[in-house]
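Data first, discussion second: the structure below is written as structure tokens.
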Protein chains: 2
Amino acid sequence: MAHDRVTLADVARRAGLSKTAASMVLNGREGTRLSAEAHQRVFQAAEDLGYRPNIAARSLRTRKTATIAFVSDIVATTRFAGGLIRGALDAARERDHVLLIAETQGDPAFERHAIDAMLDRQVDGVIYAAMATRRLTVPPALLAGSVVLLNATTDASPDDLPCVVPDDQLAGRAAVTALLENGHRDRIAVIGRNRLKEDDPQVSLAATARLEGIRGALAEAGAAVHREVSCPDWLPEHGYTAMRTLLRKPDRPTAVVCMNDRLAFGAYQAVAEAGLSVPRDVSVVSFDDDPIAAWLHPGLSTLALPHEAMGRRAVDLVLDGGGAGPTLVPMDLRRRKSIAPPP
Amino acid sequence: MAHDRVTLADVARRAGLSKTAASMVLNGREGTRLSAEAHQRVFQAAEDLGYRPNIAARSLRTRKTATIAFVSDIVATTRFAGGLIRGALDAARERDHVLLIAETQGDPAFERHAIDAMLDRQVDGVIYAAMATRRLTVPPALLAGSVVLLNATTDASPDDLPCVVPDDQLAGRAAVTALLENGHRDRIAVIGRNRLKEDDPQVSLAATARLEGIRGALAEAGAAVHREVSCPDWLPEHGYTAMRTLLRKPDRPTAVVCMNDRLAFGAYQAVAEAGLSVPRDVSVVSFDDDPIAAWLHPGLSTLALPHEAMGRRAVDLVLDGGGAGPTLVPMDLRRRKSIAPPP
DNA sequence: CAAGTTCGCTAAACTGATTTAGCACGAGCA
DNA sequence: TGCTCGTGCTAAATCAGTTTAGCGAACTTG
């Protein structure tokens with residue numbers, strides 16, 4: 001690629017000046033005493049020749065590559081969290097940077113490999129992202145440079161690394177608030193309190209935080225969660241069975257909060273099957289804003305994971321070396337049609 | 001990042017040899033006459049010091065960066081086509097390369113910017129990907145190097161560029177074959193023949209190819225498509241209304257082929273609403289293998305877009321300078337529960 | 001035994017940029 | 001006239017590798 005690119009020397013020659021002069025002019029260095037005419041000639045020459053600097057060469061000297069590594073366990077290809085990349089990509093572009101991505105697939109060997117490959121390429125910083133919000137241990141090689149955790153936290157590092165996570169607790173509050181505003185209070189159930197089959201207690205911090213928010217908001221309203229159902233996992237089938245059991249009780253809930261949209265998807269099926277309808281008989285709120293949320297009938301109101309905003313934030317933190325510790329990004333309520341006053 | 005990395009000079013010094021010797025040994029150059037002992041010493045020194053070459057420096061001389069650009073209009077972040085990246089990422093890793101990604105969002109200015117940024121970084125090749133299979137024009141700047149189109153074709157270039165696309169026509173045949181095997185033949189309908197609101201005739205080559213395959217396979221079986229329904233777009237709501245009209249006819253279809261899974265999702269809703277069931281009353285086959293295909297009840301049989309395989313293939317073509325013209329990647333039938341013999 | 005080969009290795013050039021140190025010239029001043 | 005100072009610019013070093021050209025010693029060969 002790019003065999004006979006124009007070099008700085010070419011520009012200098014055409015401008016009748018030295019490489020030094022050309023370099024200084026093109027970098028807009030202050031304090032140089034080159035004449036206005038010299039500036040003009042260099043710009044003209046660069047323009048004429050279509051000069052573009054060779055970043056590899058530059059970075060050799062400056063140790064800046066205008067490149068950020070985006071290393072994730074699996075997020076890169078995970079439909080639905082691609083928003084993280086998109087946000088990062090946008091922010092990077094705005095700041096004239098570029099993203100080098102790699103996936104570890106959770107494999108430590110791949111991880112070593114990926115991180116080495118990135119460091120070999122002299123990246124300016126590393127964004128280390130996880131698919132599900134969780135704790136992870138940061139490879140020591142990274143600690144030398146600028147690192148930001150994305151959608152993950154860590155407790156392994158002595159001085160906290162900067163990290164970017166969704167504000168799940170606030171989201172939990174918001175879900176409840178939306179229900180309270182519609183008159184629900186005493187018969188609000190939660191589906192998916194935790195994932196029973198989850199063996200790693202560090203995973204699913206999200207669930208804990210959301211639940212805290214939910215309970216907190218209800219407590220402030222002088223109420224408590226009516227029923228909480230645990231699920232083996234957060235898949236549609238589990239939402240389905242959970243909702244079925246809830247609907248069979250004599251005092252069935254007037255509203256349910258599902259811990260994610262796939263649970264809600266299953267819950268919808270159970271409601272339909274019971275001859276009831278959302279939101280007339282049961283209101284539903286949920287989390288994530290998976291694309292199916294919009295496709296369901298009626299549209300599912302859900303607290304959107306702010307993937308793009310998180311990706312942007314991570315880039316900012318990597319480049320500006322932002323504050324250590326967690327950055328919470330708020331989750332917005334996508335208001336659709338699944339919430340109405342209780343029957 | 002990486003302030004005090006070990007350099008080749010360090011390794012050479014520790015091995016008591018010249019940089020030249022160290023370089024040659026580490027690169028495994030043939031025909032050099034360095035002694036076995038010298039080899040040993042260099043390897044040992046590199047190992048001891050944890051030497052890693054600076055790729056920027058190397059590429060300055062060799063013009064190889066072991067980096068591939070992945071430029072897409074929007075695919076990178078599109079949930080569901082992230083498989084393209086994942087495949088590319090895997091293939092790249094296997095060949096010790098790394099991916100630099102950028103998105104143009106269809107904006108020509110962004111596109112220029114992205115491509116310049118990539119070329120400035122001396123990438124070894126460019127994968128130019130599109131979200132939906134379609135024709136596109138390749139920016140001239142790219143033609144100088146190694147380019148592969150992914151999920152897109154072009155007719156603008158004089159000598160055809162290599163490109164990688166799914167084999168939609170074969171997939172159309174496979175969809176019909178699966179139905180024929182189950183005894184359907186004369187009452188097979190197609191939902192989503194084309195997208196009415198599609199203004200760009202070049203888009204949606206996929207639809208055309210799939211339809212050709214469908215018609216071809218039916219023709220060979222001595223039949224024809226029973227009914228074809230067009231849709232404004234390929235969204236659930238359109239699948240829903242299409243299926244509704246089909247079911248209202250006296251000779252309603254025994255099977256329908258939906259042009260994608262979202263249409264099928266809507267079609268399922270219409271079937272349920274009519275008090276019928278899939279696959280007892282109507283069989284459904286579809287295309288794409290969107291994640292919802294697995295979540296539906298019963299599971300939707302669908303021809304999976306081979307995103308990962310395509311991504312891999314693109315990397316291979318970029319690196320090996322593979323044959324010009326299109327590479328068709330087969331789509332596999334994901335057999336689930338939506339096909340059964342006609343009632 | 002001189003000339004030519006082969007062996008084992010290295011000095012130095014080169015890649016394309018940035019950056020440091022400093023040169024030549026003219027003006028101002030005593 | 002001699003000295004300093006400011007102006008406008010450049011030579012050369014540097015970054016970390018790869019590659020070319022070639023050197024000195026040992027070994028063949030006629």
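Order of the sequence lines fixes the chain letters, A, B, ..., with proteins taken first and strands second; residue numbering starts at 1 for each chain. No hydrogens, no waters, no symmetry mates; every other heavy atom, side chains included, goes into these values.
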In this structure, how many angstroms lie between the [atom2] atom of [N] and the [atom1] atom of [X], rounded?
| X | N | atom1 | atom2 | answer |
| --- | --- | --- | --- | --- |
| B:Met24 | D:dG17 | CE | P | 16 Å |
| B:Leu8 | D:dG17 | CG | P | 6 Å |
| B:Arg121 | C:dA17 | CZ | C1' | 15 Å |
| B:Leu60 | D:dT14 | CG | C1' | 12 Å |
| B:Leu34 | C:dT10 | CG | C1' | 10 Å |
| B:Arg52 | D:dG17 | CZ | P | 11 Å |
| A:Arg58 | D:dG17 | CZ | C1' | 19 Å |
| B:Arg63 | C:dA17 | CZ | P | 10 Å |

Can you identify which nucleotide, out of [options], has its nearest atom closest to the [X] side chain?
| X | options | answer |
| --- | --- | --- |
| A:Ser23 | C:dT15, D:dA16, C:dT18 | C:dT18 |
| B:Pro53 | D:dT19, C:dG16, D:dG17 | D:dG17 |
| B:Ser35 | D:dG17, C:dC9, C:dT18 | C:dC9 |
| A:Thr20 | C:dA17, C:dG16, C:dT19 | C:dT19 |
| B:Arg33 | D:dT18, C:dC7, D:dT10 | C:dC7 |
| B:Arg29 | D:dT20, D:dC9, C:dT15 | D:dT20 |

- Are A:Arg95 and A:Asp316 close enough for a salt bridge, meaning some N to O gap below 4.0 Å?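 A salt bridge links A:Arg95 with A:Asp316.
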- Query: If you measure from the Lys or Arg side-chain nitrogens to the Asp or Glu carboxylate oxygens, is any gap between B:Arg312 and B:Glu308 under 4.0 Å?
  - Reply: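 Looking at B:Glu308 together with B:Arg312, the answer is no, because their closest N to O distance does not fall below 4.0 Å.
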[N] base / [X] side chain donor-acceptor hit below 3.5 Å:
| X | N | value |
| --- | --- | --- |
| A:Ser18 | D:dA11 | no |
| A:Arg61 | D:dT14 | yes |
| A:Lys19 | C:dG16 | no |

- Message: Looking only at the side chains, is there a donor atom on one of A:Thr67 and A:Arg121 sitting less than 3.5 Å from an acceptor on the other?
- Response: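 On atom types as modelled, these side chains do not qualify, holding no pair under 3.5 Å.
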- Message: Could you check whether A:Thr104 and A:Asp73, counting side-chain N and O atoms only, form a donor-acceptor pair closer than 3.5 Å?
- Response: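 Looking only at side-chain atoms, A:Thr104 and A:Asp73 do not form any donor-acceptor pair under 3.5 Å.
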- Task: Look at all strands and tell whether B:Ile55 reaches a base, only sugar-phosphate, or nothing, counting heavy atoms closer than 4.0 Å.
- Result: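 The answer is nothing, as B:Ile55 stays clear of every strand by at least 4.0 Å.
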- With a 4.0 Å cut-off on heavy atoms, is B:Ala38 in touch with a base, just the backbone sugar-phosphate, or nothing at all?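 Sugar-phosphate: the residue B:Ala38, judged by heavy atoms under 4.0 Å, touches backbone atoms but no base.
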- Task: Please round to the nearest 0.5 Å and tell me the distance separating atom OG1 of A:Thr7 and atom CZ of A:Arg52.
- Result: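 Here the rounded value is 14.5 Å.
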- Message: Is there a side-chain contact between B:Asn27 and the phosphate of D:dT18, meaning an N or O under 4.0 Å from OP1 or OP2?
- Response: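 Yes, within the criterion.
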